[in-house]
2 protein chains.
Amino acid sequence: MDTSLRSTLHERGLRMTPQRQLVLDAVRELGHATPEQICTQVQRAAPAVNITTVYRTLDLLERIGLVRHTHLGHGAPTYSEREHQHVHLVCHSCGEVSETPTELMDALAARLRQESGFELDVTHVALSGQCGDCRAANAR
Amino acid sequence: MDTSLRSTLHERGLRMTPQRQLVLDAVRELGHATPEQICTQVQRAAPAVNITTVYRTLDLLERIGLVRHTHLGHGAPTYSEREHQHVHLVCHSCGEVSETPTELMDALAARLRQESGFELDVTHVALSGQCGDCRAANAR
DNA sequence: TTACATGCAAAGGGTTTGCATAACT
DNA sequence: AGTTATGCAAACCCTTTGCATGTAA
């Protein structure tokens with residue numbers, strides 16, 4: 001099914017395995033998920049798969065550019081498809097994670113590039129704050 | 001020396017202790033530092049202080065608003081004085097952490113507030129990317 | 001003499017490593 | 001055969017918890 005994965009691996013002398021396909025599938029299905037969540041999902045299809053393999057595979061998929069990880073602040077990072085570019089907003093009151101288009105960061109990225117030569121990676125860390133709902137609840 | 005710490009604690013029925021003063025001092029001296037680094041610094045003056053106490057004290061100092069922590073992405077968070085407001089930029093090539101004024105984020109914060117009611121906490125997570133030096137080195 | 005703080009040890013999440021086995025090429 | 005991939009167990013880092021002791025109001 002995933003010939004692009006197979007051939008990308010092959011180019012680098014790496015092998016296609018059921019585990020690798022399953023991990024990639026899980027990342028795609030779950031959207032943004034922690035290694036633990038991905039492992040659980042994979043184990044629905046193949047219970048014997050070990051979490052070590054999940055970690056190693058996520059690493060590999062990231063190196064070959066198919067997935068990326070984002071630090072939401074606390075706890076484990078979450079993995080998602082490389083294509084799924086968005087900025088994560090984490091509410092530190094309710095913990096909710098929402099997504100917002102990366103264009104929001106364009107002006108900031110341009111300023112950083114210009115003023116300090118820093119090339120911003122918009123997706124790698126989440127922005128933290130308080131979401132609208134929690135602000136409203138707090139105001140009461 | 002630190003009457004404001006003493007009285008803030010006292011208002012809440014909490015006690016001033018040498019450990020608490022030492023931890024606050026260390027946070028101030030080190031700028032932005034992990035609990036482990038803070039512990040090492042504290043132990044220069046008082047070797048018996050346990051890292052558990054450092055964690056508990058950082059928690060306490062954060063609750064009473066004297067310090068804050070920032071997630072740099074990987075690994076342990078770093079603590080700094082509340083007053084020292086700045087945005088952290090972390091280079092994921094060389095790991096260097098630099099600081100930049102929070103005003104840089106004002107426009108973004110305003111947009112987020114308006115468009116999604118999200119109140120951005122500019123200091124709580126670092127921005128990630130590649131610093132000027134590493135970009136130059138990479139270009140070679 | 002009661003509440004709060006500390007130190008120590010143990011447990012807890014999350015992740016990595018070493019090594020033997022298994023599966024490709 | 002020789003390389004690569006997996007599973008398992010153990011180690012690792014960072015942090016929290018339980019409990020006994022210690023210390024201040």
Side-chain angles (χ1 to χ4, degrees), chain A residues 2 5-24 26-27 30 32-43 45-64 66-67 69-79 95 126, chain B residues 2 5-24 26-27 32-43 45-64 66-67 69-79 95:
Chain A
D2 209 318
L5 174 54
R6 165 159 247 127
S7 57
T8 311
L9 289 170
H10 194 254
E11 281 168 23
R12 310 180 183 225
L14 302 171
R15 292 177 197 155
M16 177 62 147
T17 67
Q19 287 90 335
R20 288 176 177 174
Q21 185 65 61
L22 287 167
V23 169
L24 181 54
V27 169
L30 297 175
H32 50 85
T34 63
E36 190 114 17
Q37 294 170 322
I38 291 163
C39 189
T40 302
Q41 171 75 5
V42 167
Q43 289 175 341
V49 174
N50 194 275
I51 193 159
T52 303
T53 301
V54 173
Y55 277 107
R56 286 193 279 231
T57 304
L58 288 171
D59 236 63
L60 173 68
L61 294 177
E62 187 153 38
R63 279 202 308 279
I64 66 183
L66 290 177
V67 308
H69 73 270
T70 303
H71 294 279
L72 298 184
H74 59 286
T78 63
Y79 286 78
Chain B
D2 210 316
L5 174 54
R6 166 160 247 125
S7 56
T8 310
L9 290 170
H10 193 255
E11 280 166 25
R12 310 182 182 222
L14 302 170
R15 294 178 196 153
M16 177 62 147
T17 67
Q19 287 88 336
R20 290 177 175 174
Q21 183 65 61
L22 287 166
V23 169
L24 181 54
V27 170
H32 50 86
T34 63
E36 190 114 18
Q37 294 170 322
I38 291 164
C39 189
T40 303
Q41 170 76 5
V42 166
Q43 289 175 341
V49 174
N50 195 275
I51 193 161
T52 303
T53 302
V54 173
Y55 277 106
R56 286 193 279 232
T57 305
L58 288 171
D59 235 64
L60 173 69
L61 294 176
E62 187 152 39
R63 280 202 307 278
I64 66 183
L66 290 177
V67 308
H69 73 270
T70 303
H71 295 280
L72 298 184
H74 58 287
T78 63
Y79 287 78

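By convention in this document, chain letters (A, B, ...) are assigned in the order of the sequence lines, proteins followed by strands, and residues within each chain are numbered from 1. Because the structure is predicted, anything quoted here is derived from the model rather than measured.
The minimum heavy-atom distance linking A:R15 with A:L9 is given by the pair O-CD1, 3.5 Å. Nearest approach of A:A33 to A:I38, heavy atoms of both residues: O-CD1, 3.6 Å.
Residue A:G75 is out of contact with every strand shown, counting any heavy-atom pair closer than 4.0 Å. Counting non-hydrogen atoms under 4.0 angstrom, B:T52 reaches a base of the nucleic acid. Nucleic acid contact class of B:P18 (heavy atoms, under 4.0 Å, all strands): none. No contact: B:I51 has no heavy atom under 4.0 Å from any strand. At a threshold of 4.0 angstrom between heavy atoms, the contacts of B:R56 include nucleobase atoms, whether or not backbone atoms are also involved.
Regarding B:R12, its CZ atom lies at a distance of 18 Å from the C1' atom of C:dA3, rounded to whole Å. With rounding to whole Å, B:Q43 atom CD is found 12 Å from C:dG7 atom C1'. Rounded to an integer number of Å, the gap from B:Q37 CD to D:dC14 C1' is 13 Å. Rounded to a whole Å, the CG atom of A:L9 is 8 Å from the P atom of D:dA5. Between the CG atom of B:L58 and the P atom of C:dA5 there is a distance of 15 Å, given to the nearest Å. For the pair A:M16 CE and D:dT6 P, the interatomic distance rounds to 11 Å; values are reported in whole Å.
Of the candidates D:dC14, C:dG7, D:dG7, C:dG7 carries the atom nearest the B:N50 side chain, counting heavy atoms from C-beta on. Among the nucleotides C:dT6, C:dG14, D:dT6, the one closest to any side-chain atom of A:Y55 is C:dG14. Counting only heavy atoms from C-beta on, B:P77 has its side chain closest to D:dT15 among D:dT15, C:dG14, C:dT6.
Of the possible donor and acceptor atoms, none in the side chain of B:Q43 sits under 3.5 Å from a partner among the backbone N and O of B:A48. Under the 3.5 Å distance criterion, the side-chain polar atoms of A:Q19 are left unmatched by any main-chain donor or acceptor of A:V54.
Put simply, B:T53 has no side-chain N or O that comes within less than 4.0 Å of OP1 or OP2 on C:dT6. Dashed line: the shortest gap from a side-chain N or O of B:T17 to OP1 or OP2 of C:dT6 is under 4.0 Å.
Side-chain to base pairing of A:R15 with C:dT25: no donor and acceptor N or O lie closer than 3.5 Å to each other.
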Legend entry - Check against side chain to side chain contact (heavy atoms under 4.5 Å, CB included), B:H69 and B:T78: CA-CA 5 Å; B:H69 73 270; B:T78 63; over 6 Å; no

